[in-house]
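This report concerns only the one structure given below.
The chains referred to below are lettered A, B, ... by the order of the sequence lines, with proteins before strands, and numbering in each begins at 1. Just so it is clear, the values below take in all heavy atoms, side chains as well, and ignore hydrogens, waters and symmetry mates.
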Amino acid sequence: MFMRVRTRVAPSPTGAPHIGTAYIALFNRAFAKHHGGQFILRIEDTDQVRSTPESETAIFEALRWLGLDWDEGPDIGGSCGPYRQSERTALYREHVDRLVTSGHAYRCFCTSERLAALRLTQEANQERIGYDGHCAGLDAGDAAQRVAAGEAHVIRLRTPQEGVCQIADRFRGTIEIAWETVDDQILVKADGFPTYHLANVVDDHLMEITHVIRGEEWISSAPKHLLLYEAFGWEPPVLAHLPLLRNPDKSKLSKRKNPTSILYYRQAGFLPKALINYLGLMAYRPEGDLEMFDFDTMVASFDLDRVHLGGPIFDIQKLRAFNGHYIRELEDVDLLATLKGWLLQDASLLELVRMAQPRLEQLADFVPMTAYLFADQIPLDPADIDQAGKDSGKAAAWIQFVQWEFARLGDWDADGVRDCFNRVAEREGVKFKLLLGVFFRVFSGRAVALPLFEALVWLGRDMTLRRLHYAQEALREAGLGLSGKALKRLEKWYQERYLREGGEDG
RNA sequence: GCGCCCAUCGUCUAUCGGUUAGGACUCCAGGUUUUCAUCCUGGCAAGAGGGGUUCGACUCCCCUUGGGCGUGCCA
């Protein structure tokens, strides 16, 4: 019988939409489309603490911008909905109950303190880190009673003590992992929400996903997933683990070392076509060793056998070259339209006009006055930035604090931005004006510019964070930056001074 | 530490036992262009090391080395 191909991408809505999500989505969509199947978007918001609706919206926006549209998803529905895991909790509850009844899972009452202590001794004795099965042998009746009494607990997967799990990886063939190295994974957290492992398996089955193409970071938890399929009596999908995108230093792509937000790439003026083309070159080469291609071309000959397993380094330099190629390929009128759709649209220009108007003496002042807001990287004078902080080294530290503050700021608006600066000024005991002096230079390259908070709101969080990063880089290159040691110290300081005494600032 | 994955120019990759190991980005040189950019031409640059298997290994196997990921009530 012909099986309809269904793939999915399942990002969690925490933070900015990640370039790695686009990479995984691209391969899943290309594979599904090649086989005339469906590509599904599922939001994995089972982490109640970190998931935000803003982030979810940003994911929609980012993937749509790239043209990676989905056939079924939270915003457009579909026959296997809902597509947001937080709306499927009853489903998970129901399924995990079956597991507890059948003995494939058990309730665990261990406190996080006990778990922490356990880990400590395991580390000290150089033993394998993992749950010791303390609650695995609990009598089911007793456990039910404790639950009824309201005792906090989680539900764990009961993994085999011996034997070997064979994972059929589409790219690597059979991978063998000994069961003794697989932990009794938590399936349901104390808050009643499922963990990724449970929700993922239940959803992939219920949504009739046939091929799970995901990052290779998941290989080691594949045994747990396979065990779940078996426990439910379901046939597992085909598993295909793509190599991870890397930083230039070969580590897993991270925002500390690279811009990872898709929205950054949009604002920095990359074209979706270029980004898709470049991403399609990561770990992959289409038929005929083709280098420049669009999504449809990729789909036409898409073949998982052409995936290369070495972890590709995401090289912005090459992306830029590709982007330049696509810009040149545009008709002039189309480029103009693209430019207008980018940041030269009335709505965004109007905001700049409002900021500039009180400061304008000639119309000719407008473009020079606002130019720095359209750039990605602007020329910076690290010595000037450092001096603006009065004591050398202060500027770099303040920038770091502001980076952390911005990263955890909720709504990106002028008040929120101001509060961040206020907090830093207060905690560091520095005059607000002096502190801002540093940041005018960081963002505009000058001591005087448009009103800072409004300008940053206009710039957007991703670009703002990027600018902060550029400033740190410039300072470091000039020998005025933070050493690794200093950074560690600041981190501790930040945790103590900023995170622990929340709420006392207005 | 333990488990797993990976390994061709600096980077992305082609090669599916026999090639002068090819292309792209970067860099360098030359040409076109009032400058610059574009564009064109050329150049630098690679099979981690050691064992096997084979008439023959970048290609298959093993070991070593290197890198990565995992080891969360995160995904």
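Residue A:Arg156 is classed as having no contact, given no heavy-atom separation below 4.0 Å to the nucleic acid. A:Glu216 comes within 4.0 angstrom of the backbone, heavy atoms only, and of no base. Heavy atoms of A:Ala283 sit under 4.0 angstrom from primed sugar atoms or phosphate atoms, though from no base atom. Within the 4.0 angstrom heavy-atom criterion, only backbone atoms of the sugar-phosphate kind lie near A:Ala321; the bases stay farther away. A:Cys165 comes within contact range of no nucleotide atom at all, as no heavy-atom separation falls under 4.0 Å. Across all strands, A:Arg50 comes closer than 4.0 Å to base atoms (heavy-atom distances). A:Arg246 comes within 4.0 angstrom of the backbone, heavy atoms only, and of no base. Heavy atoms of A:Thr46 sit under 4.0 angstrom from primed sugar atoms or phosphate atoms, though from no base atom. Here A:Met282 lies in heavy-atom contact (under 4.0 Å) with sugar-phosphate atoms only. Here A:Leu244 lies in heavy-atom contact (under 4.0 Å) with sugar-phosphate atoms only.
B:A45 and B:C74 have their C1' atoms separated by 42 Å, with the value rounded to a whole Å. Atom P of B:G68 sits at a distance of 33 Å from the matching atom of B:A57, rounded to the whole Å. A gap of 16 Å separates the P atoms of B:C6 and B:U59, to the nearest Å. With C1' as the reference atom, B:G18 and B:C60 are 15 Å apart, rounded to whole Å.
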Next on the checklist: Would A:Phe31 and A:His211 count as a ring-ring contact (aromatic ring centres under 6.0 Å, His included) here? Give the steps.
Outcome noted: CA-CA 9 Å; A:Phe31 179 73; A:His211 301 256; 4.6 Å; yes
Checklist entry - Passes side-chain hydrogen bond (donor to acceptor under 3.5 Å, both in side chains), A:Asp47 versus A:Thr14? Steps please. => result CA-CA 9 Å; A:Asp47 185 336; A:Thr14 54; over 6 Å; no
Next on the checklist: Before you tell me yes or no, could you show the steps for A:Asp132 and A:Arg114 under salt bridge (Lys or Arg N to Asp or Glu O under 4.0 Å), namely the whole-Å CA-CA distance, both residues' side-chain angles and the distance that decides it to 0.1 Å?
Outcome noted: CA-CA 11 Å; A:Asp132 60 355; A:Arg114 191 186 100 81; 2.7 Å; yes
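Taking atom CD1 of A:Ile327 as the reference point, atom P of B:C39 lies 13 Å away to the nearest angstrom.
Using a 30° and 60° split on the angle between ring planes, A:Phe232 and A:Trp234 fall in the parallel class, below 30°. Using bins of under 30°, 30° to 60° and over 60° for the plane-to-plane angle, the ring pair A:Tyr498/A:Phe401 lands in the parallel bin.
In this structure, the nucleotide among B:G3, B:G22, B:A75 sitting nearest to the side chain of A:Glu44 is B:A75. Looking at the side chain of A:Asp47, the nearest of the listed nucleotides B:A75, B:G3, B:U13 is B:A75. Closest to the side chain of A:Leu309, out of B:G23, B:U11, B:C6, is B:C6. Nearest to the side-chain atoms of A:Glu217 among the listed nucleotides B:C5, B:C69, B:A24 stands B:C69. When distances are taken from the side chain of A:Ile129 to each of B:G1, B:G68, B:C25, the shortest belongs to B:G1. The side chain of A:Ile219 sits closest to B:C4 out of B:C4, B:C69, B:C39. In the set B:U11, B:G70, B:U13, B:U11 carries the atom at the smallest distance from any side-chain atom of A:Asp315. Nearest nucleotide to the A:Pro312 side chain, out of B:A75, B:U13, B:G67: B:U13.
The cationic atom of A:Arg461 (NZ for Lys, CZ for Arg) does not lie both less than 6.0 Å from the six-membered ring centre of A:Phe406 and within 45° of the ring axis. Relative to the ring axis of A:Tyr83, A:Arg42 does not place its NZ or CZ within 45° and under 6.0 Å from the centre.
In this model, the phosphate group of B:A14 is approached by a side-chain N or O of A:His308 to a distance below 4.0 Å at OP1 or OP2. The shortest distance between the side-chain N/O atoms of A:Arg285 and the OP1/OP2 oxygens of B:A24 is not below 4.0 Å. For A:Lys250, no side-chain nitrogen or oxygen approaches OP1 or OP2 of B:G10 to under 4.0 Å. At the phosphate of B:G72, neither OP1 nor OP2 sits under 4.0 Å from any side-chain N or O atom of A:Lys189.
Checking B:A75 for Watson-Crick or G-U wobble geometry (two distances, each under 3.5 Å) identifies no partner in any strand.
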